[in-house]
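Keep in mind the model is a prediction, meaning the values are calculated, not measured. Along the sequence shown, residues carry numbers from 1.
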Amino acid sequence: MRPPFRGLKMLKKILIANRGEIALRVHRACQEMGIRTVAVHSTADASAMHVRLADESVCIGPPAARDSYLNVAAILSAAAITGADAIHPGYGFLSENARFAEMVEAHGLTFIGPTADHIHMMGDKIAAKDAMRKLNVPLVPGSPGALESFEEARAIAETIKYPVLIKAAAGGGGRGMKVARSADELEEAWQVARTEAKAAFGNDAVYMEKYLDRPRHIELQVLADTHGNVVHFGERDCSLQRRHQKLVEEAGSPALNAAQRDALGAQVTAGLRQIGYRNAGTLEFLYQDGQFAFIEMNTRLQVEHPVTEMLCGVDLVREQIRIAAGEKLGYGQADVTFNGHAIECRITAEDPESFAPSPGRVNTYHAPGGLGVRVDSALYSGYAVPPHYDSLVAKLIVHAPSRPQAIARMQRALDEMVVDGIKTTLPLHRRIMADAEFQSGDYTIHWLERFVAREA
Ligand code: MV4
């Protein structure tokens, strides 16, 4: 047993309100800090790795996520009966639910994340942009807030020029967007966006942005403690996505230099200090023609956080827990270093061509290893991937002194890796890494969809 971690709040036992690789990731940080862990699981996950490794586990409901991993009452009860001091929500599920964060604290537990107010603010994309505007973070040209009428929409579109996007205030992550390429497409985009926003989110508030046609998706990782210290850990390039599902992430971005990163980071950390943000956060930007434009902020640990950890040599989950315990970061921006290059491949249980889900039993699982190779996965030989959840089964992360060496290392690691019995996206990742255009680093958010179509 590790020496126990004694933060100001004395976090001795943490309930991990998640499953799969991220539940393991949080468990590992806790283990190294001498903190005991409570796993929660659905009946479909009774033999999952996160349940096996945790110190204690509680079944919180049937397979459907809404009855288990989204079941707030069951999770709070599990925390109460096991005497947990805090809850780590991981990503997805309840991680960006402001009411959940509020209820956790109302029950005398520590929520390992931002305040409910900041989660709520960033969940409303208009409020998030409003906050960033006031903090002088660069934005895409667009409406100053919610569009009040079709006439206002038309007037703004004339000013910022077509094409424009109408986005749902309650959307994000690609949900609830409509493009209008000219004035005669605007009325339909306006109507459809509002109707869909109302149906999907129960909120028909929409806003407008100039449509950027070939951006990169760049995000900045930040940590803030409760003593006013805010630092950033540079950017991740998440442009390689298909239908808003990221496949490959890199840190740093092949398109940026250190001066651009430092300038954006300085602006963002000053802003977050001003609003009293706490814990981990990620600001999403579109980057095109040398300009950054803020689009959304995520108030959770992200799937792709490991590339930042490898680049900067930081344990972001440990930092989240220390911050939640009231500790100071204990270092400043000048102490954060960026070494070499890191790449992550998200390996999912899907057909590598059609992307049809491929749950089922894994016969042989063999993880690659060696210098600079990290595998975050809850897989084991004989494990049955359940059909009820996200298809992510492993994240393969490599770190090397340069981007070309990182690509070579990823190719080597992909060739060593075996996941037999189900279809996975491993073959697709091998093709991406071998592609000359990917290797050149010159890609946008549209590159992967064209690559997949070209290969078909
Ligand atoms: C945009 C855009 C172009 N112009 N906003 C999609 C997800 C959501 N986070 C924001 N998204 C976009 N917003 C303007 N003004 C293009 C996208 C977009 C996208 C962004 C990031 C990563 C992948 C994407 C795929 C399609 C569209």
Do you see a donor-acceptor pair shorter than 3.5 Å between the side chains of [X] and [Y]?
{"X": "T425", "Y": "R346", "value": "no"}
{"X": "E250", "Y": "H341", "value": "yes"}
{"X": "D45", "Y": "Y69", "value": "yes"}
{"X": "Q411", "Y": "R430", "value": "no"}

Closer than 4.0 angstrom, basic N to acidic O: yes or no for [X] and [Y]?
{"X": "R278", "Y": "D225", "result": "no"}
{"X": "E219", "Y": "K246", "result": "yes"}
{"X": "E309", "Y": "R374", "result": "yes"}
{"X": "D85", "Y": "K9", "result": "no"}
{"X": "K134", "Y": "D130", "result": "yes"}
{"X": "E209", "Y": "K129", "result": "yes"}
{"X": "E416", "Y": "R412", "result": "yes"}

Worksheet item: Can the ring centres of Y162 and Y211 be said to be less than 6.0 Å apart?
Response: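 Centroid distance Y162-Y211: not below 6.0 Å, so no.
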Discussion item. Using side chain to side chain contact (heavy atoms under 4.5 Å, CB included), reason through F294 and V268 one step at a time and then give a plain yes or no.
Written reply: CA-CA 10 Å; F294 170 85; V268 163; over 6 Å; no
Which pair of non-hydrogen atoms, one from [X] and one from [Y], has the smallest distance, and what is that distance?
{"X": "I343", "Y": "A406", "result": "CD1-CB, 3.9 Å"}
{"X": "A324", "Y": "I112", "result": "CB-CG1, 3.9 Å"}
{"X": "A48", "Y": "Y383", "result": "CA-CE1, 4.2 Å"}
{"X": "A169", "Y": "I126", "result": "CB-CD1, 3.5 Å"}

Worksheet item: Which word best sums up how the rings of W447 and F451 line up, parallel for under 30°, tilted for 30 to 60°, or perpendicular for over 60°?
Response: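 Correct class here is parallel.
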Worksheet item: Angle class for the F438/Y443 ring planes (parallel below 30°, perpendicular above 60°, tilted otherwise)?
Response: parallel
Discussion item. Taking side chain to side chain donor-acceptor pair (under 3.5 Å) as the criterion, tell me which of R300, E319, H118, Q320 meets it with N279.
Written reply: Q320
Discussion item. Given the ring of Y91, does R25 sit roughly above its face, with NZ or CZ under 6.0 Å from the centre of the six-membered ring and within 45° of the axis?
Written reply: no
